[in-house]
Amino acid sequence: MVLLEVTDLTKDFGGVAANSHISLDIEKGEIIGLIGPNGAGKTTLFNCIVGYHRPDQGKIRFKDKNITGFKPFKTNREGIGRTFQIMSISGDLTVLENVMIGSFCRTSDRRIAREEASEILNVVELEKDAEAYMTELPIATQKRVGLAMALATRPELLMLDEVASGLNPKETEEMVALLQRIHKAKGLTVFVIEHVMEVVMPISQRIIVLDGGQKIAEGKPRDIASDERVIKAYLGEKYAKGRKNRGSI
Amino acid sequence: MLKVEKIEVRYSGVPVIHDVSFHVNGGELVSIVGANGSGKTTLLKTVAGTLHPAKGSIEFEDEDISTSSTVNIVRKGITYVPEERRIFGPLSVEENLKLGAYIVDDREEIEKNLDYVYSLFPILKARQKQLGETLSGGEQQMLATGRGLMSSPKLLMLDEPSLGLMPKLVDEMLEAVATLKEEGKTILLVEQKVREALEMADRGYVLQTGRTIYKGTGEELLETDIVKKAFLGL
Amino acid sequence: MQIRTLKDALSFGDLPAVERIGFILFITFCFIFPWIIKGGFAQAVMIQFLIFCLYGLGWNLIGGYGGQVALGQAKNVGMSAYTVALLMVRWNIPFWVCTPLGVIVATIESFVLGYFLFRLRGHYFAIATIAVSLVWQQLFINWNFIGGARGIELPLRETPNFIYMQFDSPVYYHYFAFVLVMIAILYMNWFRKSRLGYQLRAITANEDVAESLGINAHWVKVKAYCITGIFAGMGGAFYTVYYSYIDPFSVMHLELSIMIALMTMIGGAGSMWGPIIGAMILIPLDRYLGAWLGGRGILGVDFMIYALMVMIISAYEPRGIWGIIEKARRKR
Amino acid sequence: MGAKTKIISPYFLKVTVGLLVVSVAVSIGFGMARAQPAEVKIGVIYPLSGPVAHAGQMSKDAVSLCVDYINNKWSQLPIPIGNWEGIPGLNGAKIKLIFADHRGEPDRGADLAKKLILDEKVVGICGCYHSSVTKTVSTVCEKHKIPMINPESTSPVLTKRGYKWFFRATPHDRIFVRDFFEFLELLTRGKVPGVGAVPKSDIDEIGACTENTEWGAGTRDVIKEFAKKYGYKIVSDVTYPHESPDLTAEVRRLLTPKPETLMFASYISDAILLTKTMKELKAKANVFWSQDVGFYQPKYIETFGAATQGILNRTVFSKKLFAVKPVARHINEEFKKRAGVDFMGTSARAFTGMQAWAYVLNKAQSTDPEAIRRAAETIEISGKDLIVPWKGIKFENVGGETNQNTWSSGLIVQYQKQEPEIIYPLDAATAKFIYPWPGLK
Amino acid sequence: MEMLLSTLVSALLMGMLFALVALGLAIIFGVMNIVNFAHGEFLMVGMYTAFLTATIFSIEPLLTLPIAAMVGFLLGIASYYMLVRYLLKGPMIAQLLGTFGLMIFLRYLAMCIFGPDYKTLEHGLLIGKSIMWGPVVLSYPRLGTAVLSMLGFGIIYWMMDYTRLGKALKATALDVEAAGYMGIDTEKMRGLAWGLGGATVGIAGALLINFYYVFPTIGILFCMIAFATVALGGFGSIKGAFIAGLIMGMIIDLGGTYLGPQYKFALIYLTFFLVVVIRPKGLFGW
């Protein structure tokens, strides 16, 4: 079943096309990776889907419902949760309370919200940090809190924006394991923007590659890794040419 | 020319650059590559004086600049072309360029530099009266780079000049950088297009989570597996 | 559900012991105040302090927790004050009927304005609230039906009268104001633990992130603004019967709005005790200093002290006195 | 927050307890102030700081001077209080004034009244200049059954509230406006010296320009009422916001229908700006009258000099009175020595108000509020003893008003060579009337 | 018709003054995105400066212009370096309330020094003079103000567009960080913006004293009109401030003449409100 369907999405920023004519489908239960060099338009695409930007053109359908132009809180209520690269949430509140903000999306009862929030903190293995303040925590933990907050809204589609940026290899590995566990346990559909290939390659069932605002490739991780357009986008034109030449020799 | 010694940089108390050292000799093109979030931009901003190191020292032409303000650093001859380009949208191309020469008092020199930038990027000349914000991404990058050159810097720091550009433009942009190098400019380049960046470079450094993990000449680095591994997970 | 809400409001258990002790001391002090202190002026200042507590606690919701610089609190005060005064003077309606109506009018006004104004952010919002309150004040000055610039005076009744809330002794007013302040404090205590409280703080910290968590930022802000209006309305209604005279300069004035905001900020915006601390410092300072100087000495020197305080606090510790206390506490 | 923050923070404790202790101490301190024997305390509430501080300070000087006369012997002074040393009826008890500064805020005034009544134990209140503050202060007095004599607030409403403890010495705006219309009537009948009978059609088109505060709005209502009663037409009726940055539009609106009689109620700032603007717009009319205050201050004459020629003002005091009232000259000299300025309407009335207090206390022979009230209700002070040209002071309940001084009356003065010459009442006139108004030159 | 004509003329003249008062606010907001509530008090300082210099040295009031400008300039710079610099680090509420504090401080400082009285200048080249020009009355002080206001705008406009300093200010306004990379001392530019703001409003004060009175609480009156003007013209736009000033003059004068003077403030604030809500950027906002 197709959960999210984006057709022909275009977004301009003052003459600079951040996204042009992007179409993609996401099946329920999939993990999809979205990669591309910095500035390729990945975050813009995310923001269009979630509703921070209104696309200039194109349609976004979620669970067969047209959600084009929905505000972020509405898309969230439809079942799309997202994390941010930097989750700057209130430093006055503890981790548990921050996650409760997410739980409050579905309930107005403080006790239920609290229970759910602690449950989710267990899932992301942060129960011991529940009473700490956000500003006191290392980046890796903050990222996990961000993830927990998004999870607390009980999304069907979880969109993760650079969930591993700034993490060291060990932390990255732990994050990958965590994501896989969550995916398995909750049967979530996950859509990941990522730079760190160590994250995307192992977990994604499918990868979409953007460059210069356009979708240049889509496919299984293995295929993507050997796709010339992708290599070109990442390593540069000459590198690709070089490989070709070497290949022909 | 530029000598960075064991610096540590912190963002609101949290160290993001640990113990990084590198140097740039006159006339060299030095590339710093690394994944997103590895601290490349922070490093350049520290050299440019927007941030200051908590430990270590930065020397430029044997003068300590680790506590100097951005203004003084620009006056000493280091210009920084930021990642987001940061051109002045409501100003025309020419006004943008002239602002680049803010610290230059000599009118003739400004004219000379202007001609030089126009010869480097002819498209800017065609658009000189147009407002910055109406330019395309590639043109904006050219404008930002050109603006960085307007003050005849001794050291030009380019932060991801190919960011968000169409592949064709990426090549053009990088060719322009190569031209600059050939003309004898000293350049510190941060790039994601690892291959090109390292091919052009005299020397390079690979950064990961705020630490230098490899250094060497461009060719040496290209031979290491780290490049492939870090960027494609192969 | 209701009982739980009440329990939440009444439970201060999650606060550190000092805060609880301080709170108990505060209540006790307010409660026994009329019996231990007989000074007429002291009692008048105390009531003034309670009125400002009410205004400040209300404003703290939107200005402190919500981080929205709303500088139009006076117009909510005035709306309710005028409603109460008009109904009581023109149709002789008992105070206890007028007050809810006044509060409702203030709330509706807050809702309508909030709905439009919260499309703006930051400076634009702050400036728009100022503009609205100025328009309101001008209209009230010129509207003859409500007395225009002459204001409205409530008739003095021969005998003390509970229905029209008229007493000879300030003690009754003191307790009435005290009850209102207690309602406000209990509400705030519930609020900071409630969904609305969390959502509002999330918006203050980062509106984009908050929206991604399913929070309709606009709607939450409007809601909070309405509640702010309720407390201002209660304050306004009380002010009317207490002084039995209102005019557009005393209840609609921009300076009242500013005073409320400044007071809350000096105490510590966004913290439960901030407005109370602010009022505790500023109101006695203002009244006693004014009475003591009595127009002698250097004119305006009290305002200058006050202004210096505001400048120093906004430059060095925008979280106010409570912020300083918190900082000291966290350091240890 | 966790366990560690549950430890009692001495900072918080110190702050809270400290604040409580300070406020308790302060309140007790004020609460314990006790009355001194052989002294009668009267509370005086005026705007001693704030935007109209000059008026408040002037009134303060006037009442202080009056008390000086009462408490000490001034044998040259030709009125009874000169011979008093304290209040004779109270065995020579001295009056002690306790001043309070309301800054023009009604709520502050009410709070201060409580301070004076409950903490300072004053026997009565005097003040408060602003009608709005007088309203709240008189309410406090009424509630606490403490007499209040108001020397200068002119809002007609004040004495219409049926208050038993509130006495007003000054004539109010209704009386002043009525006086002016009476004067116009006399003008049409040719009774005013200096001019022949003026046809009513030359003066019956009125342009009223009032400011938008309690006092201005009240004046405007009374002008409308009397214009109708006496058969005059209001051709332009302008109200403007107090302290306006520009009054060109107002003046233009006022002058466009070419009114023949101009009537103003303005504070000094607006009076200056209005006059400047009228001068620029070359205003013309036959009669120019203003409701005291702005147009009748030294500052105004100082600013416009000879251009003030022919402007009429209602007031209760003029230096020209000295001719008929030598006592006024005498007291004015002393006042000028102390305050640096001559008596004006406000300060003369403040002086008179305090004098009324002394007479009332003297008659009451007691500091019991009820006795004072009864004394005030029955007192009759002769005009001879006063510096203002009234028949005297007698508080009466007439025509729906309570405790209004019915023996009071106003003056109409006209600036002639920068001196306010008395024109009305006719028997007190010191100069001939200049008609028509020569315009601002 | 005559009335309309003379109203229009006086509206234009008054509008020029409003524009000049608003100019400084527009510069300050433009360069650093901070609302200066003490702006009206800067005007007051300018007026008192002109008043004092003119009375003490008994010189022609117009000659006090440079002195008022100088004092305004210093006041602006001092405010920036002693207060605003620190406010910028805090949240927005601190910025707003901090300048409020400055406003109250200056106001009551003036009250301390000069007392609450109204002060006017009586003698001067322009004061109290006017000429009739057909049905239209032209008041000299207003005419002079208008001319100097236009001149001031011309100078500032020229400075912003054609000088290096203006470019640097503009760059600082558009992007502080990028301006820093150009070698522009942005801190100095911000201080300078406050200085310029103070100087222009100081000049406005020295002109205003020719036909208006000064008292300590005069600030809020003009400050609110200046806010409305700047909001209408677009925060930070100099051209906008000029045109909006004229529009404000029209609203005050036409509204006051035809609708009733009691509503003129309400009209201004209403315009202000509508502009802020409907088009927050104003007519010419960036």
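Letters go in sequence order (proteins before strands), and every chain restarts at 1.
The candidate from E/Lys167, E/Lys188, E/Met182 with the greatest count of non-hydrogen atom pairs under 4.5 Å with chain B is E/Met182. The candidate from B/Leu99, B/Ile78, B/Ile73, B/Thr70 with the greatest count of non-hydrogen atom pairs under 4.5 Å with chain E is B/Leu99. Taking B/Val81, B/Leu91, B/Asn72, B/Thr79 one by one and counting their heavy-atom pairs under 4.5 Å with chain E, the maximum is reached by B/Leu91.
Using a 4.0 Å cut-off between charged nitrogen and carboxylate oxygen, B/Glu83 and B/Lys40 do not count as a salt-bridge pair.
Residue E/Ile220 comes nearest to E/Glu41 through the heavy atom pair N-OE2, 4.2 Å, listed as atom of the first residue, atom of the second, then distance. Considering every non-hydrogen atom in both B/Leu44 and B/Leu158, the closest pair reads CD1-O, 3.9 Å.
Contact annotation for B/Lys45: only side-chain heavy atoms (C-beta onward) come within less than 4.5 Å of a heavy atom of chain E. When heavy atoms are compared at a cutoff of 4.5 Å, B/Ser151 does not approach chain E at all.
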Give the table of side-chain donor-acceptor pairs shorter than 3.5 Å for residues 21-39 of chain E, with sequence neighbours excluded, one pair per line with atom names and distance.
| unit_1 | atom_1 | unit_2 | atom_2 | d |
| --- | --- | --- | --- | --- |
| E/Asn36 | OD1 | E/Ala38 | N | 2.9 |
| E/His39 | NE2 | E/Val21 | O | 2.6 |

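Side-chain atoms of B/Glu95 come within 3.5 Å of backbone N or O of B/Ser92 as a donor-acceptor pair.
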>> Walk me through whether B/Ser152 and B/Glu109 qualify under side-chain hydrogen bond (donor to acceptor under 3.5 Å, both in side chains).
In response: CA-CA 9 Å; B/Ser152 344; B/Glu109 196 185 336; 2.7 Å; yes

> Given the rule in the side-chain hydrogen bond (donor to acceptor under 3.5 Å, both in side chains) test, do B/Glu183 and B/Tyr116 qualify, once you have shown the distances and angles that lead to the verdict?
Replying inline: CA-CA 12 Å; B/Glu183 286 174 5; B/Tyr116 172 64; 2.2 Å; yes

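Contacts with chain B (heavy atom to heavy atom, under 4.5 Å) involve no residue of residues 68-98 of chain E.
Cation-pi geometry between B/Arg147 and B/Tyr102 is not satisfied (NZ or CZ under 6.0 Å from the ring centre, within 45° of the ring normal).
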